[in-house]
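In what follows, chains are A, B, ... by sequence order, proteins preceding strands, each numbered from 1.
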There are 2 protein chains.
Amino acid sequence: MRLTTKGRYAVTAMLDLALHSRQGPVSLADISGRQDISLSYLEQLFAKLRKRELVQSVRGPGGGYQLTREGDAISVAEVVDAVNESVDATLCRGDNDCQHGNECLTHHLWSDLSHQIHDFLSKISLGDLVRRNEVRAVAKRQAIDIKRLNQKQSADLIDIEATL
Amino acid sequence: MRLTTKGRYAVTAMLDLALHSRQGPVSLADISGRQDISLSYLEQLFAKLRKRELVQSVRGPGGGYQLTREGDAISVAEVVDAVNESVDATLCRGDNDCQHGNECLTHHLWSDLSHQIHDFLSKISLGDLVRRNEVRAVAKRQAIDIKRLNQKQSADLIDIEATL
DNA sequence: GAATACCCTACTAAAATAATCGGATATATA
DNA sequence: TATATATCCGATTATTTTAGTAGGGTATTC
């Protein structure tokens with residue numbers, strides 16, 4: 001399994017969605033603000049997540065994204081798969097032709113490891129993560145951060161208006 | 001754990017070393033020929049492996065590299081660690097500061113996964129791999145490939161000499 | 001009709017990986 | 001002692017992937 005920041009961003013964004021989807025769709029702008037991921041990059045990731053039907057979109061004001069299934073029915077492995085196209089740790093992506101047509105010396109090792117990682121991540125659902133205390137604690141901190149930021153911004157705005 | 005071709009190349013090369021070290025040191029040129037890894041790239045990888053004291057070198061003709069310990073005493077995890085510097089799947093490399101000073105929403109998830117992968121690879125030694133049937137089969141094929149290549153090359157050489 | 005927010009394509013920037021080049025040093029062997 | 005082998009070392013380049021940017025379009029709400 002390719003384990004890059006790309007997949008991690010996708011899981012973080014999906015978890016944010018799972019955490020905040022109680023009251024309707026969540027906009028990418030909100031996720032961007034809370035999780036520090038660029039909006040355009042999120043758009044690219046969500047295009048892939050939508051193709052795999054892990055999320056569905058609502059357009060227009062008040063719109064955003066929603067999980068198509070319950071959090072408990074979406075595994076972390078699915079999310080990583082959706083954005084990473086290849087989930088295989090082997091050089092040949094499971095085709096057994098890593099070395100001019102034949103399998104390389106360590107093909108089986110990486111193949112075994114791939115399955116290992118996939119198993120691990122497929123047994124963890126977004127729902128599981130939402131219920132974790134560490135996750136809830138971080139989410140709470142982020143909510144406070146955003147609130148502060150908004151207060152600061154509106155204060156700045158008042159300052160600007162005052163100087164005009 | 002960062003799982004890239006870099007670490008895979010290193011493990012493949014080390015396994016080649018373990019397979020062929022019976023009769024003295026193994027040159028990087030030999031490994032390069034058998035495993036299709038560029039010689040200079042191997043030099044870079046082995047500089048790191050030497051720093052971690054996983055291999056020792058013998059200079060001059062007939063020289064090459066040897067494992068400093070027995071194959072059974074070197075885990076795959078150690079090899080990957082040696083070339084990959086970071087073995088952590090978290091964005092912050094275990095520093096818990098993925099999001100402006102604080103941990104990100106999925107920090108624990110990637111941290112858990114890192115340990116999972118590390119455990120898996122630390123339980124597999126080069127000795128284990130050497131004894132695997134699939135590995136022995138691939139090594140045998142590679143030996144035959146090299147033999148053929150050498151025969152072809154010396155035949156070509158005779159052709160060239162004949163035309164001169 | 002204005003604002004919101006998804007949607008889409010293309011481009012650019014940055015980083016990591018992989019490979020290349022040019023040499024220096026040590027050593028076995030003839 | 002000369003030569004060939006092979007490690008050592010640094011710098012540079014190429015390629016690929018990741019990440020971010022830009023600029024527009026479309027659907028929907030109010």
Side-chain angles (χ1 to χ4, degrees), chain A residues 1-13 17 20-21 24-33 35-51 54-66 68 80 82-89 91 93 98, chain B residues 1-13 17 20-21 24-33 35-51 53-66 68 80 82-89 91 93 98 104:
Chain A
M1 167 171 256
R2 290 186 66 91
L3 214 57
T4 69
T5 49
K6 199 172 182 175
R8 294 199 273 268
Y9 276 148
V11 175
T12 302
L17 203 55
H20 298 92
S21 57
V26 180
S27 75
L28 293 187
D30 284 356
I31 299 179
S32 172
Q35 307 305 334
D36 277 326
I37 309 173
S38 99
L39 178 60
S40 303
Y41 198 43
L42 279 175
E43 285 182 343
Q44 290 170 44
L45 295 178
F46 272 77
K48 295 185 177 187
L49 294 168
R50 206 170 63 100
K51 250 178 221 158
L54 294 176
V55 295
Q56 57 194 101
S57 65
V58 179
R59 300 179 75 161
Y65 284 93
Q66 289 171 315
T68 47
V80 176
V83 298
N84 255 2
E85 73 273 347
S86 164
V87 207
D88 209 288
L91 289 169
R93 305 185 166 191
C98 347
Chain B
M1 168 172 254
R2 289 187 67 89
L3 216 56
T4 69
T5 49
K6 199 171 181 176
R8 294 199 274 267
Y9 277 150
V11 175
T12 302
L17 202 56
H20 297 94
S21 59
V26 180
S27 75
L28 294 187
D30 284 357
I31 298 178
S32 171
Q35 307 304 334
D36 277 326
I37 309 172
S38 98
L39 178 59
S40 303
Y41 198 44
L42 278 175
E43 286 182 344
Q44 289 171 45
L45 297 178
F46 273 77
K48 294 185 177 187
L49 294 169
R50 206 169 63 100
K51 250 178 221 158
E53 296 186 335
L54 294 176
V55 296
Q56 57 194 109
S57 65
V58 179
R59 299 180 74 160
Y65 284 93
Q66 290 172 314
T68 47
V80 176
V83 298
N84 256 2
E85 75 275 345
S86 165
V87 207
D88 210 287
L91 287 168
R93 304 185 167 193
C98 346
C104 74

**Q** Would you name the heavy atoms of A:S38 and A:S32 that are closest together and state the gap between them?
**A** C-OG, 4.2 Å
**Q** Ignoring hydrogens and geometry beyond distance, is the side chain of A:E43 in donor-acceptor contact with the base of C:dC6 at under 3.5 Å?
**A** no
**Q** Mind checking if A:Y65 touches a base, just sugar-phosphate, or nothing, with heavy atoms under 4.0 Å?
**A** sugar-phosphate
**Q** Report yes if a side-chain nitrogen or oxygen of A:S57 is closer than 4.0 Å to either non-bridging phosphate oxygen (OP1 or OP2) of C:dC7; otherwise report no.
**A** yes
**Q** To the nearest Å, how far apart are A:L45 CG and C:dC7 C1'?
**A**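 These atoms are roughly 14 Å apart.
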**Q** Evaluate the side-chain proximity of A:V26 to A:Q66: yes if any heavy-atom separation is below 4.5 Å, no if none is.
**A** no
**Q** Could I get a table of every N or O pair under 3.5 Å where one atom is in the protein and the other is in nucleotides 25-28 of chain C?
**A**
unit_1	atom_1	unit_2	atom_2	d
C:dT25	O2	B:R59	NH2	2.5

**Q** B:D30 CG to D:dA6 P: how many Å, rounded?
**A** 7 Å
**Q** Assign B:L28 to base, sugar-phosphate, or nothing according to its heavy-atom contacts below 4.0 angstrom with the strands shown.
**A**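 Counting heavy atoms under 4.0 Å across all strands, the contact made by B:L28 is with sugar-phosphate only.
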**Q** Give the rounded distance in Å between these two atoms: CD1 of A:I31 and P of C:dA5.
**A**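 Taking CD1 of A:I31 and P of C:dA5, I get 12 Å after rounding.
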**Q** Without decimals, in angstroms, what is the distance between A:Q56 CD and C:dC6 P?
**A** 14 Å
**Q** For C:dA14, does either OP1 or OP2 sit under 4.0 Å from a side-chain N or O belonging to A:Y41?
**A** no
**Q** Rounded to whole Å, how long is the line connecting atom NZ of A:K51 with atom C1' of C:dT9?
**A**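 So the NZ-C1' distance, A:K51 to C:dT9, works out to 12 Å.
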**Q** So does A:S27 get a side-chain nitrogen or oxygen closer than 4.0 Å to the phosphate oxygens (OP1/OP2) of C:dT4?
**A** no
**Q** Let me confirm one number: the CD1-NE2 distance from B:I31 to B:H20, rounded to the nearest 0.5 Å.
**A**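 If we round to the nearest 0.5 Å, B:I31:CD1 and B:H20:NE2 are 9.0 Å apart.
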**Q** If you take all heavy atoms of A:L49 and A:A82, which pair is closest and at what distance?
**A** CD2-CB, 3.8 Å
**Q** Send over the distance from A:K6 NZ to C:dA16 P, rounded to a whole Å.
**A**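 Rounding to the nearest Å, NZ of A:K6 and P of C:dA16 are 16 Å apart.
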**Q** May I have the distance from A:L42 (atom CG) to D:dT21 (atom P), rounded to whole angstrom?
**A** 12 Å
**Q** In whole angstrom, what separates B:L49's CG from D:dC8's P?
**A** 12 Å
**Q** Which one, C:dC7, C:dA19, D:dT21, comes nearest to the side chain of B:S38?
**A**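 The closest nucleotide is C:dA19.
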**Q** Could you list the residues that satisfy side-chain contact (heavy atoms from CB on, under 4.5 Å) with B:R59, not counting sequence neighbours?
**A** none
**Q** Could you list the residues that satisfy side-chain contact (heavy atoms from CB on, under 4.5 Å) with A:Q44, not counting sequence neighbours?
**A** A:Y41
**Q** Which residue, A:Q44 or B:I37, contacts DNA chain C at a nucleotide closer to its 5' end, judged by nearest heavy atom?
**A**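 Residue closer to the 5' terminus by nearest nucleotide: A:Q44.
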**Q** For a quick test of reading the model, state the closest non-hydrogen atom pair linking A:V83 to A:G7 and the distance between them.
**A** CG2-CA, 3.8 Å
